[in-house]
Amino acid sequence: SYPRASFSRTFARLALKSVAIMYSRLLVCVSFAFCAAQADGVAATALNIQPTLESGANLQSVQSRTMVRNITCGGGIPGIDHAYGDLKPYTPNISTTSACCALCQAEPKCVAWVLETDTHLCFLKAVTSGAPCTGGNTPCRRSMPNRISMANCPDGPTPLPPPPPAPPVPHWLPVANLSKPYRNWTYYIGQFDGFVVPPDAGNFPGQTLVDCPLVYQKTPEDALPGKYRMAYLFFNGTKGNMGYEVGLGTSDDLLHWSFGQGGDRGIVFPRNPVEGTFDYGGVTLGGMLWDKMEIKSPRLPQKLNGKYWCLYGCYPSREGYEAGDGGQGMAWSSDGVQWHRLSNTTPITPGGNPSNPKWEQITVYQPNLVESNGTFYDIYNAAGINAAGNHAEESGVRTLAVSDFPGLDATQNRSLWVDSPKSPVLPSGPPGSVDNRMASDPKVFWDAEQQVWVNFYVCGGDATGSHVDICIAFSTDLLAWDKEDTPLYRAGGHPSGIDSSYAHKVSVIYDDNGVGYLYYTAVGSKGRGIALLTSRPVQ
């Protein structure tokens with residue numbers, strides 16, 4: 001879903017894992033004219049172009065023979081912006097530097113390339129800083145703190161000027177007033193160095209981070225202690241076995257969380273063990289079927305046909321971070337704790353492919369399930385080409401009649417969910433806006449007091465710089481969304497500094513006293529964990 005944790009999950013995946021929790025990785029950034037044949041790990045001759053090295057990685061010297069495109073790149077010299085400027089989403093399964101270089105050479109607009117040699121992901125860059133790093137939130141510093149060489153750039157000339165702001169967008173709803181109940185909430189300082197759920201919650205094998213909280217009340221069949229549950233994903237960073245699985249947190253007060261209970265020592269929804277299946281690479285619960293959609297109602301799972309249900313995002317490959325074209329499946333549970341896939345062979349929504357509409361041709365990401373007036377809506381995000389011809393993450397809709405739920409035809413192994421011709425319903429914004437590169441991971445509820453649907457979504461664009469923020473939009477029909485012009489909460493707001501890079505991917509619940517709890521994924525120098533905002537101060 002993902003800031004897949006890059007500038008967007010599509011645009012800056014290099015920024016995911018902090019030094020403290022990260023496995024070794026080598027990033028190589030090179031300018032070139034000719035990608036001369038070179039054995040993997042053996043440098044060509046001539047220019048001294050520095051590779052960018054992460055903590056703990058083994059240095060592999062990679063240089064270029066000649067310079068036609070007059071751009072140098074690397075750590076601390078005139079260079080590339082590692083967290084911005086991707087020409088296109090990464091190319092997977094590229095295992096050699098020469099292959100990544102060749103991809104860049106074949107793209108006329110490519111000025112540099114970056115290869116992750118452990119995950120075999122090749123990133124092509126369309127822009128460079130063109131000047132030495134200048135510190136602060138400037139191009140060469142637009143990367144996670146675990147980019148050691150980038151974080152230690154020397155001072156230099158004046159940074160590039162920011163892009164011009166987006167022109168005013170007309171509103172058909174009073175979005176500034178509608179957003180007021182959700183603004184100016186209080187940051188809660190969690191017990192885990194500021195997090196309420198730390199990056200290593202559960203201590204699962206190979207774990208490097210946690211992400212995507214989904215918070216709800218326990219069901220009557222749930223025998224575990226505590227009143228509340230949090231399904232969250234963790235990432236296994238073991239080479240050759242990378243991917244998401246779902247862990248469980250339990251709490252009695254929404255503030256203090258325990259881990260390791262339910263399922264297999266706290267893993268309540270594992271990846272598919274069968275290689276070649278659509279969810280072999282990873283799974284993440286995202287679209288729970290709620291008993292009520294009203295935002296302040298108890299966040300209880302709904303039982304339908306004798307089971308609890310949840311749409312989940314998934315990936316087919318274990319060769320990297322969110323490797324493959326994504327997709328979505330349907331899971332069910334008898335108790336709201338342990339989850340099972342409805343089908344091993346048929347996804348609810350297939351992954352990105354060239355036959356899809358352009359906006360979702362590359363990768364299909366996280367679902368969100370909404371029920372209204374006899375229809376189910378899967379409001380989900382995907383990566384593709386936006387109306388301006390640029391790569392972006394946007395959000396669209398698939399629908400299903402309630403009578404057809406859960407939406408799989410077992411006899412024909414096909415999904416009954418129907419694409420909306422109005423997708424993307426939450427498109428990326430114009431240049432200069434907060435979401436011209438990312439309008440994704442929607443979480444939708446009904447605001448009964450204001451009689452409007454509210455959508456908490458992830459935004460990233462020119463106006464957010466290298467950061468990813470929490471934005472908000474409103475609708476009366478779930479299809480046309482009016483966005484607030486400024487983020488609801490920006491990265492860097494948490495007093496513990498845990499969200500200095502990203503604040504995104506929310507889950508909202510209200511307690512019995514009417515206090516709202518907005519959980520979100522926070523990314524900064526302390527890693528990737530779960531943070532919390534509350535509608536009024538709590539202890």
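Any value given below was found using the heavy atoms of this structure, including those in side chains, with hydrogens, waters and symmetry copies removed.
The pair Lys227-Asp512 meets the salt-bridge criterion, since a charged nitrogen lies less than 4.0 angstrom from a carboxylate oxygen. Under a 4.0 Å N-O distance rule, the pair Asp291/Lys303 does not qualify as a salt bridge. Classification of Arg398 and Glu360 as a salt-bridged pair fails, no side-chain N sitting under 4.0 Å from a carboxylate O.
Here the side chain of His494 pairs no donor or acceptor atom with the backbone of Ser500 at under 3.5 angstrom. Listed for the Trp309 side chain is no donor-acceptor partner under 3.5 Å among the backbone atoms of Pro301. Under a 3.5 Å cut-off, the side chain of Ser423 and the backbone N or O of Val397 do form a donor-acceptor pair. Formation of a donor-acceptor pair under 3.5 Å by the Thr219 side chain with backbone atoms of Asp335 is found in this model. Panel note: side chain Asp447, backbone Val454; no donor-acceptor pair is recorded below 3.5 Å. Using a distance-only test at 3.5 Å, with no hydrogens or angles considered, a donor-acceptor pair links the side chain of Ser251 to the main chain of His256. Although no hydrogens or angles enter the test, the distance criterion places no donor-acceptor pair under 3.5 Å between the side chain of Gln366 and the main chain of Asn381. With hydrogens and angles ignored, the 3.5 Å screen pairs a side-chain donor or acceptor of Glu294 with a backbone N or O of Ala448. Side-chain N or O atoms of Asp222 include one that pairs as donor or acceptor with a backbone N or O of Leu224 at under 3.5 Å. With Glu394 contributing its side chain and Leu426 its backbone, the two residues share no donor-acceptor pair below 3.5 Å.
Taking 4.5 Å as the limit, every side-chain heavy atom of Asn203 sits out of range of all side-chain heavy atoms of Phe259. Lys526 is listed as a side-chain neighbour of Phe195, based on a closest heavy-atom distance under 4.5 Å. Proximity of Asp193 to Ser496: side-chain heavy atoms (C-beta onward) are nowhere separated by under 4.5 Å. Proximity of Cys471 to Val434: side-chain heavy atoms (C-beta onward) are separated by under 4.5 Å at one or more points. The shortest side-chain heavy-atom distance between Gln328 and Trp417 does not fall under the 4.5 Å cut-off. By the 4.5 Å heavy-atom criterion applied to side chains, Tyr517 and Asp511 are counted as neighbours. Between Phe456 and Leu518, the closest side-chain pair of non-hydrogen atoms falls below 4.5 Å. The closest side-chain heavy-atom distance from Met230 to Ile530 is below 4.5 Å.
Counting heavy atoms of neighbouring residues, nucleotides and ligands inside a 6.0 Å radius, atom CG of Asn177 exceeds 12 of them. Within 6.0 Å of CD on Glu449 lie no more than 12 heavy atoms contributed by other residues, nucleotides or ligands.
Nearest heavy atom pair, residue Leu300 against residue Lys218, reads CD2-O, 3.8 Å. Among all heavy-atom pairs drawn from Gly514 and Ser535, the shortest one is O-OG, 4.2 Å. Minimum interatomic distance between Ile472 and Ser179 (heavy atoms only, all atoms of both residues): CG2-CB, 4.0 Å. Residues Pro181 and Gln450 approach most closely at CG-NE2, 3.8 Å, considering heavy atoms. In this structure, Tyr510 and Ile295 approach most closely via the heavy-atom pair CD1-O, 3.3 Å. Nearest heavy-atom pair, Ala231 versus Leu248, reported as atom, atom and distance to 0.1 Å: N-CD1, 4.3 Å.
Within the model, atoms CZ of Phe474 and NZ of Lys483 stand 13.5 Å from one another, a figure rounded to the nearest 0.5 Å. Note that CG of Leu285 and SG of Cys314 are 11.0 Å apart. Values are rounded to the nearest 0.5 Å. If you take CG on Leu478 and CH2 on Trp453, they are separated by 5.0 Å, rounding to the nearest 0.5 Å. Taken from CG in Asn236 to CG in Leu209, the straight-line distance is 10.0 Å, to the nearest 0.5 Å. Remark: Trp185 CH2 to Arg536 CZ distance equals 10.5 Å, nearest 0.5 Å. Residue Ile385 holds its CD1 atom at 5.0 Å from CD1 of Ile362, rounded to the nearest 0.5 Å.
The side-chain contact (heavy atoms from CB on, under 4.5 Å) with Pro213 is formed by just one residue from the set Val197, Leu233, Thr521; it is Thr521. Partner of Lys505 under the salt bridge (charged side-chain N to carboxylate O under 4.0 Å, His left out) criterion, chosen from Asp499, Asp441, Asp469, Asp211: Asp211.
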What verdict does the side chain to side chain contact (heavy atoms under 4.5 Å, CB included) test give for Lys443 and Val508, after you've listed the backbone C-alpha separation in whole Å, the side-chain angles of each residue and the deciding distance to 0.1 Å? CA-CA 8 Å; Lys443 296 298 181 227; Val508 180; over 6 Å; no
Run the side chain to side chain contact (heavy atoms under 4.5 Å, CB included) test on Phe235 and Arg528 for me, step by step, so that the C-alpha distance in whole Å, both residues' side-chain angles and the decisive distance to 0.1 Å come before the verdict. CA-CA 10 Å; Phe235 181 74; Arg528 173 173 286 248; over 6 Å; no
Let me see the working for Tyr380 and Trp359 under ring pair (Phe, Tyr, Trp, His ring centres under 6.0 Å), right down to the final yes or no. CA-CA 12 Å; Tyr380 65 100; Trp359 75 274; 5.6 Å; yes
Take Tyr321 and Tyr244 through the ring pair (Phe, Tyr, Trp, His ring centres under 6.0 Å) test and state the conclusion after the steps. CA-CA 9 Å; Tyr321 181 77; Tyr244 294 145; 5.7 Å; yes
Please assess Trp257 against Val215 for the test side chain to side chain contact (heavy atoms under 4.5 Å, CB included), listing each intermediate value before the final yes or no. CA-CA 11 Å; Trp257 292 88; Val215 182; 4.1 Å; yes
Determine whether Val196 and Gln191 satisfy the following criterion, side chain to side chain contact (heavy atoms under 4.5 Å, CB included), listing intermediate values before the conclusion. CA-CA 6 Å; Val196 291; Gln191 61 182 318; over 6 Å; no
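Proximity of the aromatic rings of Tyr489 and Tyr520 is defined here by a centroid distance below 6.0 angstrom, and this criterion is not met.
A donor-acceptor contact closer than 3.5 angstrom is absent between the side chains of Thr375 and Asn373.
Screening residues 372-389 for salt bridge (charged side-chain N to carboxylate O under 4.0 Å, His left out) gives no qualifying pairs among residues at least two apart or on separate chains.
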